[in-house]
There are 2 protein chains.
Amino acid sequence: MITELDHLMSDRNLDAIVVTGLVRGNPALVYLLNGAPISHAIWIKKRGEEPVLIAGSMEREEALVAGVPVILESKYNYYQLLREHGGDALTARVAFFERIFDDLGIRGNVSFYGMEEQGSAYRLLQGLNDALPEVTIVGEYGPNLLGEARATKSAAEVVRIREAGRRTAEVVRATVSFLQSHDVDAAEILRRPDGQILTVGDVHAFIRRQVVLHELEDPEGFIFSTGRDAGIPHSKGTLDAPMRLGESIVFDIFPREAGGGYFFDMTRTFCLGYAPPAVQRLYDDTRSCMESVIAQVAVGNEARHYQVLTCAFYRDRGHPTVEESPATLSGYVHTLGHGVGLDVHEEPFFRAETLLRPGHVFTIEPGLYYPDEGMGCRIEDVLWIDESGGVHNLTDFPYDLVIPMG
Amino acid sequence: MITELDHLMSDRNLDAIVVTGLVRGNPALVYLLNGAPISHAIWIKKRGEEPVLIAGSMEREEALVAGVPVILESKYNYYQLLREHGGDALTARVAFFERIFDDLGIRGNVSFYGMEEQGSAYRLLQGLNDALPEVTIVGEYGPNLLGEARATKSAAEVVRIREAGRRTAEVVRATVSFLQSHDVDAAEILRRPDGQILTVGDVHAFIRRQVVLHELEDPEGFIFSTGRDAGIPHSKGTLDAPMRLGESIVFDIFPREAGGGYFFDMTRTFCLGYAPPAVQRLYDDTRSCMESVIAQVAVGNEARHYQVLTCAFYRDRGHPTVEESPATLSGYVHTLGHGVGLDVHEEPFFRAETLLRPGHVFTIEPGLYYPDEGMGCRIEDVLWIDESGGVHNLTDFPYDLVIPMG
């Protein structure tokens with residue numbers, strides 16, 4: 001949580017943290033800026049002090065939305081520095097940060113965060129480290145302070161994720177109704193009102209429109225795949241494949257609030273009209289697995305524990321799993337879940353050392369894949385652990401496999 | 001152009017380039033992967049040799065779309081290295097790249113590109129530089145090799161940008177028709193069929209739907225702003241403002257191909273029903289400026305020259321400009337254009353040293369802003385300079401200011 005920043009800085013022995021970059025595509029900045037609609041930012045916090053936001057002069061009013069003191073970039077006059085350094089942008093940028101650090105009294109261990117062009121960041125941070133004798137630049141490789149802060153959600157964040165979930169479920173509901181509204185021909189293929197075959201691509205187009213109509217956006221796309229594609233976890237679907245009865249359909253949808261905000265992530269497996277026994281078996285095993293895992297989710301346990309549990313559950317029912325065969329492409333072939341927030345995949349990741357904590361919002365998504373038999377099945381919900389350790393399912397949609405056709 | 005990579009590497013004395021990261025939000029990778037629908041990649045090219053793509057095993061088939069030799073990540077077995085290094089992810093990742101570099105015979109000056117978390121990149125590149133005696137890591141600060149390659153478009157890229165432009169113009173056309181379909185009340189305010197006031201927010205919702213219906217997406221949003229907002233270049237519009245006759249409307253729309261592809265970028269200024277004389281004057285000056293600038297665009301000229309020309313043009317007509325008053329918020333307050341491609345803003349930027357070259361695709365967007373008088377005006381087209389130096393306007397939409405209301 002954002003209230004833990006000082007504590008997390010202490011843990012890492014950091015005297016200041018600096019978050020920079022374009023705001024779009026930069027969840028760390030989106031997180032810290034309270035939705036301020038600005039294009040780029042330098043956000044700085046010294047340990048034990050309130051943060052400050054350095055923003056462009058053109059975005060002065062918008063920057064105030066961040067709710068922290070705003071300093072205009074022009075105060076540090078980059079363009080004057082650029083002239084003084086004969087147009088050398090790197091040296092000028094180092095001098096620009098030197099001015100900022102002097103002005104704000106920043107010294108000691110300083111860690112930078114945010115998405116940047118990597119070669120550019122490498123040169124700048126090296127330059128700063130070399131130029132400023134009182135500052136040591138200490139980047140974090142891998143999991144970092146802001147990822148850890150973002151992993152535990154505030155009540156306000158949960159409200160937004162739950163609402164994104166409500167709208168996501170509406171999109172799935174509309175898609176089910178759309179499928180049901182079609183006639184079925186003698187070959188068990190769905191037909192559009194114009195007599196043409198209804199394809200996976202037609203359904204994709206419908207889903208995309210529904211996402212927008214529900215004030216969501218899908219920067220990461222979605223998965224709506226059938227048959228063999230449903231048996232490959234990453235396949236998004238073959239657009240010209242016809243929609244037909246009795247095939248497994250994996251519908252995994254992970255949109256976020258329109259304009260860049262919180263994601264949701266849910267998956268259902270469907271069969272139109274009826275379910276063949278083999279698909280029904282995958283579904284029954286997966287649903288039982290889901291219900292068993294969710295019933296056991298509890299604060300303080302290792303996230304990894306639930307992966308082991310899932311593998312054991314599936315193995316007992318005769319499915320290969322990644323636990324015994326890491327490279328298997330059949331059976332249970334992936335990990336069980338991940339955090340959801342301003343990134344669709346974020347902390348808590350289901351690593352060995354991750355412990356489930358109050359505030360965590362994460363998916364549980366068991367699934368079975370048999371591409372050579374032309375089928376797959378996955379069910380995915382988003383769970384939230386509240387302050388008292390209570391586990392809540394934020395996904396309001398039934399698990400039913402079969403979509404009855406008229 | 002992608003065919004210039006060896007030449008650009010020579011210019012910079014680079015022996016190899018490495019591009020890494022998630023593909024989403026990473027235009028450099030999108031550019032190099034030929035649309036291969038994979039989630040992450042390590043793309044490597046030695047000078048004078050074909051590139052190779054290192055991809056995840058789960059994405060083997062999708063990676064082939066890139067049209068270059070694919071090596072599966074598993075060949076270099078990161079997880080074994082992680083175990084060997086007692087779970088230290090940074091050391092393991094350095095050893096992983098060491099294996100790749102050994103395998104591919106990479107040494108000398110190696111430059112990394114692509115969007116990454118900056119602290120993470122800093123640690124990894126430092127680690128590589130220290131660990132590999134035969135390799136020097138040389139990041140580029142600011143404008144870089146891939147930006148320069150991407151600045152000049154191939155014929156295939158121009159086809160895609162032109163098509164994105166055609167669809168963008170369709171969205172603007174649909175929006176004009178939508179506005180025209182409304183009744184106007186005695187106070188000159190547009191009314192919806194249900195009698196409610198038509199707001200800027202209603203128009204935003206319509207535009208968002210149209211963007212999706214035309215197989216586009218708007219990851220950067222758009223500007224549809226009226227009155228005082230139209231006088232502030234970055235204002236996206238006030239959602240509850242009513243749509244009324246005679247106000248200046250700035251509509252700046254910059255979507256890209258759905259699923260992540262090429263952007264387009266165009267702006268028109270409209271008045272519903274009639275144009276007050278003050279707005280008409282801004283429009284007349286801006287349209288004349290636009291036509292004058294476009295007529296003079298030619299290969300070999302400095303991009304900066306057109307900014308100077310625009311300032312002179314506006315100054316002669318009595319408007320303040322950034323040339324004499326860099327901090328002005330009235331008159332002509334920004335730069336004239338920017339390249340458009342896989343980023344909405346990319347090379348060529350209108351810097352002092354930028355020369356217009358064959359293959360460049362860029363905007364020209366003069367505008368005048370008078371927020372205190374509640375008005376603004378901008379016109380923006382996308383131009384392309386072909387191989388022979390011919391200048392083509394890719395924007396197929398009239399400049400007309402007034403939208404006649406029934």
Side-chain angles (χ1 to χ4, degrees), chain A residues 20-21 24-25 28 37-39 57-59 61-62 74 79 87 89-90 93 111-127 137-144 205 208-209 211-213 215 217-221 232-234 236 258-260 326-327 329 333-334 352-353, chain B residues 20-21 24-25 28 37-39 57-59 62 74 79 87 89-90 93 111-127 137-144 205 208-209 211-213 215 217-221 232-236 258-260 326-327 329 333-334 352-353:
Chain A
T20 70
R24 277 264 164 204
I38 60 179
S39 63
S57 313
M58 301 261 279
E59 303 183 319
E61 286 179 38
E62 291 88 346
S74 49
Y79 292 100
L90 175 57
R93 187 59 68 178
S111 192
F112 275 68
Y113 302 95
M115 299 296 287
E116 292 276 12
E117 174 63 32
Q118 61 185 310
S120 208
Y122 175 59
R123 294 294 298 279
L124 178 63
L125 298 183
Q126 230 175 13
I137 304 291
V138 285
E140 287 189 71
Y141 184 78
N144 69 31
R208 271 203 302 276
R209 288 195 298 272
V211 164
V212 176
L213 286 172
E215 300 284 319
E217 62 188 16
D218 54 1
E220 306 279 342
I232 303 171
H234 279 83
K236 296 207 162 183
L329 296 177
V333 304
H334 53 62
E353 66 277 17
Chain B
T20 71
R24 278 262 164 203
I38 60 179
S39 62
S57 313
M58 302 262 278
E59 303 183 318
E62 291 86 347
S74 50
Y79 292 99
L90 176 56
R93 187 59 68 179
S111 191
F112 275 68
Y113 304 94
M115 299 296 287
E116 292 276 12
E117 174 62 32
Q118 61 184 313
S120 207
Y122 175 59
R123 294 293 300 278
L124 177 63
L125 298 183
Q126 227 175 15
I137 303 293
V138 284
E140 288 189 71
Y141 185 79
N144 69 31
R208 270 204 304 277
R209 288 196 296 272
V211 164
V212 175
L213 286 172
E215 301 284 320
E217 61 187 17
D218 54 1
E220 307 278 342
I232 303 172
H234 279 81
S235 170
K236 296 207 160 182
L329 297 177
V333 304
H334 52 64
E353 66 275 17

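Quick note on labels: first sequence line is chain A, next is B, and so on, each numbered from 1. All of these numbers come straight from a predicted model, not from anything done at the bench.
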Choice from [options] maximising heavy atom contacts with chain A below 4.5 Å:
options                               : result
B/Pro233, B/Pro219, B/Ala121, B/Gly21 : B/Pro219
B/Ala205, B/Gly119, B/Gly221          : B/Gly119
B/Lys236, B/Arg123, B/Glu117          : B/Glu117
B/Gly25, B/Ala258, B/Ala28, B/Gly139  : B/Gly139

### Query
Is there a side chain to side chain contact (heavy atoms under 4.5 Å, CB included) between A/Gln118 and B/Gln118 once you walk through the steps?
CA-CA 6 Å; A/Gln118 61 185 310; B/Gln118 61 184 313; over 6 Å; no
For [X], is it the side chain, the backbone, both, or neither that has a heavy atom closer than 4.5 Å to a heavy atom of chain A?
X        : result
B/Glu59  : side chain
B/Arg24  : side chain
B/Leu213 : side chain

[X] versus chain B, heavy atoms under 4.5 Å apart: side chain, backbone, both or neither?
X        : value
A/Glu140 : backbone
A/Ile137 : both
A/Thr20  : both
A/Glu215 : side chain
A/Arg208 : both

### Query
Considering residues, nucleotides and ligands other than B/Leu329, do more than 12 of their heavy atoms fall under 6.0 Å from its CG?
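No.
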### Query
What do you reckon, is CD of A/Glu61 surrounded by more than 12 foreign heavy atoms closer than 6.0 Å?
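No, CD of A/Glu61 has 12 or fewer neighbouring heavy atoms, counting only those of other groups under 6.0 Å.
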### Closest non-hydrogen atom pair between B/Leu90 and B/Leu124, with its separation
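For B/Leu90 versus B/Leu124, the nearest heavy atoms are CD1-CA, 3.8 Å.
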### Query
For the residue pair B/Asp218 and B/Val211, what are the closest heavy atoms and their distance?
N-CG1, 4.0 Å
### Task
Tell me, out of A/Gly142, A/Gly114, A/Ser111, who's got the most heavy-atom pairs with chain B below 4.5 Å.
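The residue among A/Gly142, A/Gly114, A/Ser111 with the greatest pair count is A/Gly114.
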### Query
Looking at A/Gln126, A/Glu217, A/His334, A/Glu62, which makes the most heavy-atom pairs under 4.5 Å with chain B?
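The answer is A/Gln126.
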### Query
Measuring from B/Glu116:CD to A/Ser120:OG, what's the distance to the nearest 0.5 Å?
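Rounded to the nearest 0.5 Å, the CD-OG separation comes out at 13.5 Å.
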